[in-house]
Each structure stands twice: as C-alpha cells, then as structure tokens.
Novice: 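Pasting a structure below so you can have a look.
Keep in mind that what you see is a predicted model, and the values were worked out from it rather than measured. Both backbone and side-chain heavy atoms feed into the values below; hydrogens, waters and symmetry mates do not.
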Amino acid sequence: MPQKAVVNICVYGAEVICASCVNAPSSKDTFEWLKAALSRKYGQHCFDFIYVDINEQQSDREQTDMCKRILEEEFFYPLVTINGEIAGEGHIQLSHLHQKLQQLV
C-alpha cells in the first residue's frame with residue numbers, strides 16, 4: 001500500500017494576541033488545538049506541525065518572508081499555512097481547514 005505524503009501545517013503567531021482578534025485563542029493555543037483536532041481526525045502520521053513565532057529570527061526564507069508580511073500587517077495572526085499556502089488567518093475556522101485538507105489526505 002503506498003504511503004500518503006506528509007502535509008505540512010505551519011502556524012505563525014506571537015505570544016501577544018493580535019489586536020484584531022479580540023476574544024480569540026492565543027497563537028500557541030490555536031497551534032495545540034489544531035494539532036490535536038487534525039491528528040484525531042486524520043491520524044498523526046499525516047502531518048508535520050510547525051509553530052513559528054513571528055518575533056523570532058527564522059532560518060527558513062519562506063518563514064522569514066511570511067513573518068515579515070505579518071509584522072507589516074498584511075495578514076492577521078495566527079496565520080495557518082498548509083503546504084506553504086495560506087489556509088486561514090486571525091480567528092481560525094476548522095471547517096475551512098478541513099475543506100483544504102480533503103484534497104490532500
């Protein structure tokens with residue numbers, strides 16, 4: 001049986017909650033919630049979860065560019081990417097992520 005490709009899920013955020021996301025969970029809480037919810041539905045082997053603090057220096061160019069765009073207020077955080085494509089920002093909706101993931105897993 002062929003092995004499924006691993007889907008990369010990256011959550012960009014900061015310890016301070018985004019001013020536009022009042023009453024939303026923190027970025028770290030969103031990361032932990034997504035990790036648990038998606039692993040429960042699809043299985044842990046399907047995903048590579050990464051949390052990126054936008055206020056820390058990154059060694060990956062793509063992550064550095066995305067952090068810069070968030071800090072320049074082009075996007076709200078937490079911001080979720082799936083295989084490098086933006087899947088959600090600000091108050092993350094699990095239903096939107098499921099729609100994108102159905103095509104990949």
Side-chain angles (χ1 to χ4, degrees):
M1 180 161 81
Q3 189 174 12
K4 294 180 181 178
V6 173
V7 176
N8 295 304
I9 297 180
C10 186
V11 177
Y12 294 85
E15 288 196 31
V16 176
I17 295 176
C18 175
S20 299
C21 302
V22 176
N23 297 324
S26 71
S27 299
K28 272 288 201 186
D29 288 341
T30 298
F31 173 74
E32 294 298 331
W33 167 69
L34 285 177
K35 190 173 179 180
L38 296 176
S39 294
R40 196 169 35 250
K41 180 168 177 81
Y42 298 101
Q44 293 182 348
H45 64 280
C46 293
F47 302 109
D48 181 20
F49 290 96
I50 302 167
Y51 178 80
V52 176
D53 188 316
I54 61 173
N55 294 310
E56 293 180 6
Q57 186 159 356
Q58 307 302 317
S59 57
D60 181 274
R61 182 177 176 178
E62 183 178 320
Q63 291 175 359
T64 299
D65 291 343
M66 187 59 75
C67 290
K68 181 180 177 187
R69 293 171 74 184
I70 294 168
L71 289 169
E72 290 175 350
E73 298 182 356
E74 184 176 339
F75 299 111
F76 296 118
Y77 63 89
L79 182 135
V80 178
T81 62
I82 298 176
N83 288 345
E85 293 185 25
I86 296 172
E89 62 175 312
H91 188 74
I92 304 302
Q93 302 278 329
L94 197 54
S95 60
H96 292 122
L97 298 182
H98 283 310
Q99 289 173 357
K100 292 191 180 290
L101 289 170
Q102 289 298 328
Q103 302 164 6
L104 300 172
V105 294

Novice: I'd like to know whether C10 forms a side chain to side chain contact (heavy atoms under 4.5 Å, CB included) with I50, so could you lay out the CA-CA distance, the side-chain angles of the two residues, the decisive distance to 0.1 Å, and finally the verdict.
Specialist: CA-CA 5 Å; C10 186; I50 302 167; 4.2 Å; yes
Novice: If you measure from CG on L34 to CG on D29, what distance do you get to the nearest 0.5 Å?
Specialist: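 With rounding to 0.5 Å, CG (L34) is 11.0 Å from CG (D29).
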Novice: Kindly write out the residues that satisfy salt bridge (charged side-chain N to carboxylate O under 4.0 Å, His left out) with E74, not counting sequence neighbours, or none if the list is empty.
Specialist: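 Partners of E74 under the salt bridge (charged side-chain N to carboxylate O under 4.0 Å, His left out) test: R69.
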Novice: Look at the aromatic rings of H98 and Y42 and report parallel, tilted or perpendicular, splitting at 30° and 60°.
Specialist: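 Rings of H98 and Y42: tilted, as their planes differ by 30° to 60°.
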Novice: What's the shortest heavy-atom distance between V7 and I82, and which atoms?
Specialist: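 That would be CG1-CG2, 3.6 Å.
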Novice: Any chance you could measure I70, atom CD1, to F75, atom CZ, to the nearest 0.5 Å?
Specialist: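 Spacing of CD1 (I70) from CZ (F75) equals 7.5 Å.
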Novice: Minimum heavy-atom separation for H96 and Q93, please, with both atom names.
Specialist: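 Distance-wise, the nearest heavy atoms are ND1-CB, 3.0 Å.
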Novice: Going through the distances and angles, do K35 and Y51 end up as a side chain to side chain contact (heavy atoms under 4.5 Å, CB included)?
Specialist: CA-CA 10 Å; K35 190 173 179 180; Y51 178 80; over 6 Å; no
Novice: Show your reasoning for whether side chain to side chain contact (heavy atoms under 4.5 Å, CB included) applies to I86 and M66.
Specialist: CA-CA 10 Å; I86 296 172; M66 187 59 75; 4.0 Å; yes
Novice: Please round to the nearest 0.5 Å and tell me the distance separating atom CG of L79 and atom CD1 of I92.
Specialist: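 One gets 7.0 Å once the value is rounded to the nearest 0.5 Å.
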Novice: Just so I know, are the side chains of P78 and H91 near enough to count as touching, which here means a heavy-atom distance under 4.5 Å?
Specialist: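 Side chain of P78 against side chain of H91, heavy atoms only: no contact under 4.5 Å found.
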Novice: To the nearest 0.5 Å, tell me how far T30 OG1 sits from K28 NZ.
Specialist: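 Output value for this atom pair is 11.5 Å.
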Novice: Which is it for N55 and L71 under the side chain to side chain contact (heavy atoms under 4.5 Å, CB included) test, yes or no, and what are the steps along the way?
Specialist: CA-CA 8 Å; N55 294 310; L71 289 169; 3.7 Å; yes
Novice: Does any part of the side chain of L38, heavy atoms only, come nearer than 4.5 Å to the side chain of L94, both counted from C-beta?
Specialist: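 L94 vs L38: side chains touch.
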Novice: Which atom pairs, donor and acceptor, lie under 3.5 Å between side-chain atoms of residues 56-63 and protein residues at least two apart or in another chain?
Specialist:
from, atom 1, to, atom 2, distance (Å)
Q58, NE2, D53, O, 3.0
Q58, NE2, E56, O, 2.9
D60, OD1, E62, N, 3.0
D60, OD1, Q63, N, 2.9

Novice: If I compare all heavy atoms of Y77 with all of S27, which pair ends up nearest, and what's the gap?
Specialist: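 Closest approach of Y77 to S27, heavy atoms only: CD1-OG, 3.6 Å.
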